[in-house]
Amino acid sequence: MGTSIPIIDFAKASSSPEQLAGELLTACTDWGFFFVENHPIEQQDIDDIFALERRFFAQALSEKTKAPYIAAKNAGYKPASSYGADGRFTDPREAISINKWPSDSHTRTAILPPILSEARPQIHSFQHQVQSFTKQLLQLIALALNLPPTTFARNHDPEKENFDNFELMHYPPVTASSPSASEGIPAFRISPHTDWGTLTLLFQSSVGGLEVRPPHYTSPTPSYSSEQWTPAPALSDKILINIGDMLEFWTAGKLKSTWHRVVPTAAEGGLDRYTFAYFLHPDRDCVLVPMEGMEKEGWVPRYEGRGRTAEEHIHARIRAVHGGKEKVTPKKDEDVVNSAAQTGLPVVEAQA
Ligand SMILES: O=C(O)CCC(=O)C(=O)O
Ligand SMILES: [Fe+2]
């Protein structure tokens, strides 16, 4: 399937890193999203994580909720329709967040529900592969910006606890139609949002539905009814990577943290969708200030936060999602329909 989202060939990391860095920079400043082919993560290991999450999500709710989501840790199981990426809504998606495990003792003692608990070595080794890949990516992004190679990587220490989130996700089948479909308002499998951290690596299998807001829409928040978003198809041999809010902040908006959502397309909304993501975050004490020389007059940050530490920022974002849980009546232009939203399951605090 074709895509207008840029595709980056990671084989160039050894043969022509400067060309690769240039392509990365264009993708990050334009779309904020790109696919990576010929990446260093073993396909068999990716397939094995998909197999693991299918077994995990197939269990009864009572098994999965043995490790419920704890906001302070940003870890645990979140039932479908219990929270929304946009805190005003609920999304028909279940997920489990797993923290980074910097040491063997983290690996041994992390609280995990059945099936995942027996897969600690597999999860640990996958985390390691992703972390060394993200280190390379951060170095290339620094190179692309003409900065010393360790500029970003030194604030993402794999040996430290932080808010990295390895998240397994399952979207049960939903209907593609919604009461307001005639007005062009889609139903969502995950409501529109930007990601909070540095970079997100998304692994998709075969069922699509992810859509990205194209760069020509420049207003800070999207209009839900009048914009045409671009599909980011499920290309299972490629990793989809996007810039998060913090990297956008450090670069004063040069690299884009782009809005995205998952919709139940007519062809695929009736199918189970499985994905998993690694949300890369900086060290907790890393301070959010635009880098010297990057800030241009007129730049309006996406959120209040200059001078906050990453930890303060993440807690504020978790509170914003939690505090926004009371349903609001959307303004006309922002009207949203989430047809599969209400199942009466308990509400938990959540991170996008
Ligand atoms: O599962 C997907 O396709 C996207 C998930 C996502 O955007 C998120 O969890 O932040
Ligand atoms: Fe996201």
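Read the numbers this way: they start at 1 and go in the same order the structure lists the ligands and their atoms. Treat the numbers as computed from the prediction; the structure is a model and nothing was measured. Quick note: residue numbers are just sequence positions, from 1. Below, all heavy atoms of this structure are taken into account, side chains as well, without hydrogens, waters or symmetry copies.
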Fill in the blank from the handout: Closest to the Fe ion (ligand 2), among the N/O/S atoms of His260, is atom NE2
Handout entry: Electrostatic pair Glu268:Arg273 at N-O distance under 4.0 angstrom
Key = no
Completion exercise
Within 4.0 Å of some non-hydrogen atom of Leu202, the atoms of ligand 1 are 1 (O), 2 (C), 3 (O)
Exercise for the section: Answer yes or no for Lys78 and Tyr83: cation-pi contact, defined as NZ/CZ to six-membered ring centre under 6.0 Å and angle to ring axis within 45°. Expected result: yes
Exercise for the section: State the atoms of ligand 1, each with its element, that fall below the 4.0 Å cut-off from a heavy-atom position in Phe279. Expected result: 8 (C), 9 (O), 10 (O)
Practice task
Number the atoms of ligand 1 from 1 as they appear, then name those within less than 4.0 Å of a heavy atom of Thr275, with their elements.
Solution key: 1 (O), 2 (C), 3 (O)
Handout entry: Arg93 and Glu167 ion-paired at < 4.0 Å
Key = yes
Handout entry: Arg93 near ligand 1 by a heavy-atom separation under 4.0 Å
Key = yes
Practice task
State the atoms of ligand 1, each with its element, that fall below the 4.0 Å cut-off from a heavy-atom position in His260.
Solution key: 7 (O)
Exercise for the section: Taking only heavy atoms of Asp195 into account, list the atoms of ligand 1 that are under 4.0 Å away from them. Expected result: 10 (O)
Practice task
For residues Trp196 and Phe249, establish whether the separation of their ring centroids is below 6.0 Å.
Solution key: no
Handout entry: Check against side-chain hydrogen bond (donor to acceptor under 3.5 Å, both in side chains), Gln122 and Asp48
Key = CA-CA 9 Å; Gln122 179 188 354; Asp48 290 347; 5.2 Å; no
Problem - Ring geometry between Phe166 and Phe126 (parallel below 30°, tilted from 30 to 60°, perpendicular above 60°) - result: parallel
Completion exercise
For Met169, the atoms of ligand 1 under 4.0 Å from one of its heavy atoms are 1 (O), 5 (C), 9 (O)
Problem - Minimum-distance atom from the Fe ion (ligand 2) among N, O or S atoms of Asp195 - result: OD1
Handout entry: Under 3.5 Å side-chain donor-acceptor pair for Asp285 and Thr309
Key = no
Handout entry: Contact atoms of ligand 1, heavy-atom distance to Arg273 under 4.0 Å
Key = 1 (O), 2 (C), 3 (O)
Handout entry: Test applied, side chain to side chain contact (heavy atoms under 4.5 Å, CB included); reference residue, Lys100; option that passes from Glu159, His106, Gln131
Key = Gln131
Handout entry: Polar contact flag for His193 and ligand 1 (N/O pairs, less than 3.5 Å)
Key = yes
